[in-house]
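Position 1 is the first residue of the sequence; numbering continues from there.
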Amino acid sequence: MSTITDLQQAIQHAVERVGPAVVGFGRGWGRGSGVVVAPGRILTTAHNLRGEEVTVNLPGGRREAGRVAGIDPDLDLAAVAVDTGDVEPVEWEPAGAGPDIGSPVIALGDPGGRGLRATPGFVSSEGRDIRGPHGRMIAGCIEHTAPLPRGSGGGPLVDLEGRLLGLNAVRLDGGLIVAIPAGAHLAERAERLWSGDNVRPLRLGVAIAPPRVARRLRRSVGLPHVDGLLVRSVADDSPAAAAGIERGDLIAGAAGRPLAGVDDLYEALDALATGDSLDLRVVRGTTERDVVVAFARPEAATT
């Protein structure tokens, strides 16, 4: 019984330490939660927010109008600036490896300002990689078993000492939750958001199918096998459209390197800056050609 009592006391301690730093957004259950990480600074998941302003429900029933300082759509991260008063921020040391399988964790949320929720659980998978809302890989995520009600997304995942481990983001089948790791990468992205840099990578403006789909479709119409990414659609006024890329084209290479998967394309795009161009090897039917895509400014289309 002493082990259970010790765990109960540890959970209560963590909740007392972190609970006041947990906030809710808007009204109702669906707008999500967040956590105060520094005076006047809140982190949450980007899919919680709409527009440039948001109502922040702070401890004690206080409501403040928050300003969305910046959004990183690929990491599903949003930074909110708001008067947090005397709220003590969560303890955050963004360094070191993530927690091991079996480590006890606590997930917290305040759905729509309806009151603090805290659920204990355990890490169920180490260093899990998931794809964010725009298809880019988020590495080192934390899968855990602490259940959460709707509206808790964006709230903190902490250890028994109350230290921030991640932001709860994705609900999986079977009741598992995946949290975006609160490591050095997230800290660097968050700092850029608060400084006014909205961290929007360059985008071609195409929707693509993976190589296995491209192989199957080419084979079905009698075309020879070529490795690459099949263009399913092209956004109007996008860099890809301006370069003449069309639906049905196969992107076989980028920056002089073959494309084994979508992450190879992301890597080529991430190496560019606004004003740069990217050399692509494009196959249309049986004809191969080189295409130069120019990036006059970051685009918001799906890659």
Side-chain angles (χ1 to χ4, degrees), residues 45-47 68-79 94 129-141 169 180-181 183-214 226-284 287-303:
T45 45
H47 67 262
V68 179
I71 286 179
D72 182 341
D74 292 310
L75 193 57
D76 196 19
L77 178 68
D129 297 343
I130 65 170
R131 294 207 177 271
H134 290 265
R136 291 182 184 244
M137 196 69 74
I138 304 175
C141 293
I180 301 170
H185 181 61
L186 184 137
E188 184 269 335
R189 291 289 187 101
E191 190 60 41
R192 288 177 60 185
L193 294 179
W194 277 307
S195 69
D197 182 353
N198 262 4
V199 195
R200 294 187 180 273
L202 299 177
R203 302 186 186 279
L204 284 177
V206 298
I208 57 175
R212 66 180 183 279
V213 175
V226 179
D227 286 328
L229 306 173
L230 182 69
V231 177
R232 300 173 61 183
S233 64
V234 181
D236 295 337
D237 300 321
S238 66
I245 295 175
E246 299 178 359
R247 178 185 178 187
D249 285 348
L250 188 78
I251 304 176
R257 299 174 58 184
L259 296 180
V262 65
D263 293 317
D264 293 333
L265 179 58
Y266 287 141
E267 182 179 347
L269 289 168
D270 289 344
L272 303 176
T274 301
D276 289 347
S277 60
L278 178 63
D279 295 331
L280 297 179
R281 188 68 173 170
V282 175
V283 180
R284 181 173 296 169
T287 303
E288 295 189 17
R289 62 193 180 101
D290 292 321
V291 173
V292 178
V293 181
F295 297 92
R297 63 184 185 281
E299 297 288 339
T302 302
T303 298

S.K.: List the residues meeting side chain to side chain donor-acceptor pair (under 3.5 Å) with Arg232, not counting sequence neighbours, and say none if there are none.
M.R.: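 So Arg232 forms no side chain to side chain donor-acceptor pair (under 3.5 Å) with any residue.
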S.K.: So which atom in Ile71 and which in Ala46 form the shortest heavy-atom distance, rounded to 0.1 Å?
M.R.: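 The answer is CG2-CB, 3.7 Å.
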S.K.: Does a sphere of radius 6.0 Å around CG in Asp236 hold more than 12 heavy atoms from other residues, nucleotides or ligands, not counting ones at 6.0 Å or beyond?
M.R.: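 Incorrect, the count does not exceed 12.
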S.K.: Measuring from Leu186:CG to Glu191:CD, what's the distance to the nearest 0.5 Å?
M.R.: 11.5 Å
S.K.: Looking only at heavy atoms, what is the nearest atom pair of Ala268 and Leu272, with distance?
M.R.: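 Nearest pair, atom of Ala268 first, then Leu272: O-CG, 3.5 Å.
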S.K.: Identify which one of Leu259, Asp249, Leu204, Asp290 satisfies the side chain to side chain contact (heavy atoms under 4.5 Å, CB included) criterion when paired with Leu280.
M.R.: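 Only match with Leu280 under side chain to side chain contact (heavy atoms under 4.5 Å, CB included): Leu204.
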S.K.: Between CG of Leu250 and CD of Glu288, what distance do you get to the nearest 0.5 Å?
M.R.: 9.0 Å
S.K.: Take Arg203 and Leu269 through the side chain to side chain contact (heavy atoms under 4.5 Å, CB included) test and state the conclusion after the steps.
M.R.: CA-CA 7 Å; Arg203 302 186 186 279; Leu269 289 168; 5.8 Å; no
S.K.: Check for a donor-acceptor pair, side chain of Asp129 on one end and backbone N or O of Cys141 on the other, with a separation under 3.5 Å.
M.R.: no
S.K.: Crowded around Arg284 CZ? As in, over 12 foreign heavy atoms under 6.0 Å?
M.R.: yes
S.K.: Between Gly228 and Ala214, which heavy-atom pair has the shortest distance, and what is it?
M.R.: O-CB, 3.9 Å
S.K.: To the closest 0.5 Å, what do you measure between CG (Leu265) and CG (Leu278)?
M.R.: 7.5 Å
S.K.: Hey, what do you get for CE (Met137) to CG (Asp263), rounding to the nearest 0.5 Å?
M.R.: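 So the gap between those two atoms works out to 4.5 Å.
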S.K.: Within this structure, what is the OG1-CG distance for the pair Thr45 and Asp76, rounded to the nearest 0.5 Å?
M.R.: 5.0 Å
S.K.: How close do Ile180 and Leu75 get, heavy atom to heavy atom, and via which atoms?
M.R.: CD1-O, 3.2 Å
S.K.: Determine the minimum heavy-atom distance between Val293 and Ala243, stating which atoms define it.
M.R.: CG2-CB, 3.8 Å
S.K.: Identify, with sequence neighbours excluded, every residue that meets side chain to side chain donor-acceptor pair (under 3.5 Å) alongside Glu188.
M.R.: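 Glu188 satisfies side chain to side chain donor-acceptor pair (under 3.5 Å) with no residue once adjacent residues are dropped.
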S.K.: One thing to verify: whether Asp74 and Arg189 come together as a salt bridge, which I'm taking to mean a side-chain N less than 4.0 angstrom from a carboxylate O.
M.R.: no
S.K.: So do the side chains of Val206 and Ser233 get within less than 4.5 Å of each other, counting heavy atoms only?
M.R.: no
S.K.: Quick one: closest heavy-atom pair of Ala235 and Ala241, and the distance?
M.R.: O-CB, 3.5 Å
